[in-house]
Amino acid sequence: MTTSDADFGMRVCVLASSSSGNTTYIETPHHKVLVDAGFSGKKIAALLASIGRDLTDVDSLFITHEHTDHVQGMGVLARRYPHLRIYANEGTFAALPKSVGKLPYDQLSIFKRGTTLTLGDLDVESFGVSHDAAEPQFYQFHHDDRAFTILTDTGYVSDRLAGTIRDSDAYLMELTTT
Ligand SMILES: [Zn+2]
(Lines give C-alpha, C1' and ligand atoms only; values in the text may rest on other atoms or scores of the structure.)
Protein backbone atom coordinates (compact mmCIF):
# COMPACT_ATOMS: atom_id res chain seq x y z
CA MET A 1 0.00 0.00 0.00
CA THR A 2 1.08 3.58 -0.56
CA THR A 3 -0.15 6.78 0.97
CA SER A 4 -0.30 10.34 -0.25
CA ASP A 5 -2.04 13.54 0.83
CA ALA A 6 -4.96 12.78 -1.46
CA ASP A 7 -8.08 11.39 0.14
CA PHE A 8 -7.80 7.74 -0.83
CA GLY A 9 -10.76 6.80 1.35
CA MET A 10 -10.51 4.16 4.00
CA ARG A 11 -8.15 1.22 3.70
CA VAL A 12 -8.45 -1.97 5.65
CA CYS A 13 -6.07 -4.87 6.00
CA VAL A 14 -6.88 -7.91 8.09
CA LEU A 15 -3.37 -8.70 9.30
CA ALA A 16 -4.49 -11.92 10.94
CA SER A 17 -7.75 -13.37 12.15
CA SER A 18 -7.93 -16.78 13.76
CA SER A 19 -8.07 -18.37 17.17
CA SER A 20 -4.30 -17.88 17.42
CA GLY A 21 -4.66 -14.12 17.17
CA ASN A 22 -6.54 -11.18 15.70
CA THR A 23 -5.30 -7.84 14.46
CA THR A 24 -6.80 -5.61 11.79
CA TYR A 25 -5.34 -2.40 10.41
CA ILE A 26 -7.43 0.54 9.17
CA GLU A 27 -6.23 3.81 7.74
CA THR A 28 -7.68 7.05 6.48
CA PRO A 29 -5.67 10.07 5.32
CA HIS A 30 -5.40 11.25 8.95
CA HIS A 31 -5.55 8.12 11.07
CA LYS A 32 -3.90 4.75 11.34
CA VAL A 33 -5.56 2.42 13.76
CA LEU A 34 -5.52 -1.19 14.86
CA VAL A 35 -8.40 -3.28 16.08
CA ASP A 36 -7.16 -5.79 18.64
CA ALA A 37 -3.58 -6.77 19.34
CA GLY A 38 -3.74 -10.53 19.49
CA PHE A 39 -0.05 -11.25 18.97
CA SER A 40 3.24 -10.27 20.55
CA GLY A 41 4.39 -6.71 19.87
CA LYS A 42 7.14 -8.14 17.67
CA LYS A 43 4.72 -10.15 15.55
CA ILE A 44 2.36 -7.17 15.13
CA ALA A 45 5.31 -5.04 14.01
CA ALA A 46 6.23 -7.74 11.47
CA LEU A 47 2.65 -8.03 10.18
CA LEU A 48 2.51 -4.25 9.71
CA ALA A 49 5.92 -4.21 8.03
CA SER A 50 4.59 -6.76 5.55
CA ILE A 51 2.18 -4.07 4.27
CA GLY A 52 4.73 -1.26 4.48
CA ARG A 53 3.43 0.24 7.71
CA ASP A 54 5.08 0.98 11.04
CA LEU A 55 3.77 0.94 14.58
CA THR A 56 5.18 4.40 15.19
CA ASP A 57 2.48 5.72 12.81
CA VAL A 58 -0.42 3.92 14.46
CA ASP A 59 -2.32 6.38 16.66
CA SER A 60 -5.13 4.29 18.13
CA LEU A 61 -5.85 0.74 19.21
CA PHE A 62 -9.43 -0.47 19.67
CA ILE A 63 -9.97 -3.57 21.79
CA THR A 64 -13.06 -5.73 21.26
CA HIS A 65 -12.74 -7.92 24.36
CA GLU A 66 -10.18 -9.27 26.81
CA HIS A 67 -9.44 -12.72 25.42
CA THR A 68 -5.73 -13.33 24.91
CA ASP A 69 -6.05 -13.82 21.15
CA HIS A 70 -7.22 -10.18 21.03
CA VAL A 71 -5.01 -8.49 23.64
CA GLN A 72 -1.73 -10.40 23.83
CA GLY A 73 0.42 -7.51 22.56
CA MET A 74 -1.58 -4.62 23.93
CA GLY A 75 0.53 -4.01 27.05
CA VAL A 76 3.80 -4.09 25.15
CA LEU A 77 2.49 -1.73 22.46
CA ALA A 78 1.08 0.69 25.05
CA ARG A 79 4.35 0.82 26.98
CA ARG A 80 6.55 1.04 23.90
CA TYR A 81 4.50 3.66 22.04
CA PRO A 82 3.51 6.47 24.43
CA HIS A 83 1.54 8.26 21.71
CA LEU A 84 -0.73 5.23 21.23
CA ARG A 85 -4.27 5.73 22.57
CA ILE A 86 -6.10 2.59 23.63
CA TYR A 87 -9.87 2.32 23.52
CA ALA A 88 -12.02 -0.29 25.23
CA ASN A 89 -15.05 -0.28 27.48
CA GLU A 90 -14.78 -0.43 31.27
CA GLY A 91 -15.72 -4.10 31.53
CA THR A 92 -12.97 -5.06 29.12
CA PHE A 93 -10.30 -2.94 30.82
CA ALA A 94 -11.27 -4.45 34.17
CA ALA A 95 -11.10 -8.03 32.89
CA LEU A 96 -7.76 -7.92 31.08
CA PRO A 97 -5.51 -10.92 31.74
CA LYS A 98 -2.54 -10.31 34.06
CA SER A 99 -0.19 -11.12 31.18
CA VAL A 100 -1.01 -7.73 29.61
CA GLY A 101 0.96 -6.13 32.44
CA LYS A 102 0.76 -2.55 33.68
CA LEU A 103 -0.93 -0.12 31.32
CA PRO A 104 -0.08 3.59 31.22
CA TYR A 105 -3.37 5.05 32.45
CA ASP A 106 -2.99 8.32 30.57
CA GLN A 107 -3.12 6.39 27.29
CA LEU A 108 -6.40 4.63 28.06
CA SER A 109 -9.80 5.87 26.97
CA ILE A 110 -13.11 4.36 27.97
CA PHE A 111 -15.21 3.65 24.90
CA LYS A 112 -18.73 2.82 26.05
CA ARG A 113 -20.95 0.45 24.15
CA GLY A 114 -23.43 2.13 21.88
CA THR A 115 -21.49 5.37 21.55
CA THR A 116 -19.69 7.10 18.68
CA LEU A 117 -16.19 8.53 18.79
CA THR A 118 -15.05 11.11 16.26
CA LEU A 119 -11.35 11.13 15.50
CA GLY A 120 -10.88 13.78 12.85
CA ASP A 121 -11.76 12.10 9.57
CA LEU A 122 -12.75 8.83 11.20
CA ASP A 123 -15.94 8.08 13.13
CA VAL A 124 -16.05 4.94 15.20
CA GLU A 125 -19.23 3.39 16.58
CA SER A 126 -19.29 0.67 19.19
CA PHE A 127 -21.91 -2.04 19.58
CA GLY A 128 -22.40 -4.65 22.25
CA VAL A 129 -22.23 -8.24 21.10
CA SER A 130 -22.85 -11.67 22.54
CA HIS A 131 -19.69 -13.58 23.49
CA ASP A 132 -18.39 -15.21 26.68
CA ALA A 133 -16.34 -12.18 27.70
CA ALA A 134 -16.89 -9.40 30.26
CA GLU A 135 -18.32 -6.73 27.96
CA PRO A 136 -17.54 -7.61 24.35
CA GLN A 137 -18.13 -4.97 21.73
CA PHE A 138 -17.47 -4.56 18.07
CA TYR A 139 -16.76 -1.51 15.99
CA GLN A 140 -17.95 0.14 12.86
CA PHE A 141 -15.60 2.63 11.20
CA HIS A 142 -16.92 5.44 9.04
CA HIS A 143 -14.96 7.61 6.70
CA ASP A 144 -16.28 9.67 3.82
CA ASP A 145 -19.63 7.84 3.51
CA ARG A 146 -17.96 4.46 3.71
CA ALA A 147 -18.38 2.02 6.56
CA PHE A 148 -16.36 -0.98 7.63
CA THR A 149 -17.61 -3.27 10.37
CA ILE A 150 -15.40 -5.64 12.30
CA LEU A 151 -17.14 -8.30 14.30
CA THR A 152 -15.24 -11.30 15.60
CA ASP A 153 -15.97 -14.04 18.09
CA THR A 154 -19.70 -14.05 18.25
CA GLY A 155 -22.04 -16.97 18.26
CA TYR A 156 -25.23 -15.01 17.71
CA VAL A 157 -26.17 -12.25 15.27
CA SER A 158 -29.46 -10.53 16.11
CA ASP A 159 -31.66 -8.93 13.45
CA ARG A 160 -30.56 -5.50 14.63
CA LEU A 161 -26.92 -6.50 14.38
CA ALA A 162 -27.48 -7.98 10.95
CA GLY A 163 -28.96 -4.64 9.84
CA THR A 164 -25.90 -2.77 11.12
CA ILE A 165 -23.60 -5.11 9.28
CA ARG A 166 -25.67 -4.94 6.11
CA ASP A 167 -25.31 -1.15 6.08
CA SER A 168 -21.52 -1.45 5.81
CA ASP A 169 -19.58 -1.29 2.57
CA ALA A 170 -17.38 -4.06 3.90
CA TYR A 171 -17.21 -6.19 6.98
CA LEU A 172 -15.10 -8.74 8.74
CA MET A 173 -17.13 -11.28 10.59
CA GLU A 174 -15.86 -14.32 12.42
CA LEU A 175 -18.48 -16.53 13.99
CA THR A 176 -17.67 -18.97 16.73
CA THR A 177 -19.65 -21.52 18.62
CA THR A 178 -18.33 -20.45 22.01
ZN1 LIG B 1 -13.01 -14.20 22.38
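Worth saying up front: this structure is predicted, and the values here are computed from it rather than measured. Remember, it's 1-based here, ligands and their atoms both numbered in the order they're listed. The basis for the numbers below is simple: all heavy atoms, side chains too, and nothing from hydrogens, waters or symmetry mates.
Here the rule is side-chain contact (heavy atoms from CB on, under 4.5 Å) with L151, and of T64, L161, T164 only L161 fits it. Among Q72, H67, H70, the one residue that satisfies the side-chain contact (heavy atoms from CB on, under 4.5 Å) test with N22 is H70. Test F148, F127, Y171 against Q140 for side-chain contact (heavy atoms from CB on, under 4.5 Å) and you get one pass: F127.
Counting backbone and side-chain atoms alike, D153 contributes an N/O/S atom closer than 2.8 Å to the Zn ion (ligand 1). Counting backbone and side-chain atoms alike, H131 contributes an N/O/S atom closer than 2.8 Å to the Zn ion (ligand 1).
With respect to the Zn ion (ligand 1), H65 has NE2 as its nearest N, O or S atom. Of all N, O or S atoms in H67, the one lying closest to the Zn ion (ligand 1) is ND1.
For H65 and D36, the side-chain atoms include no donor-acceptor pair closer than 3.5 Å.
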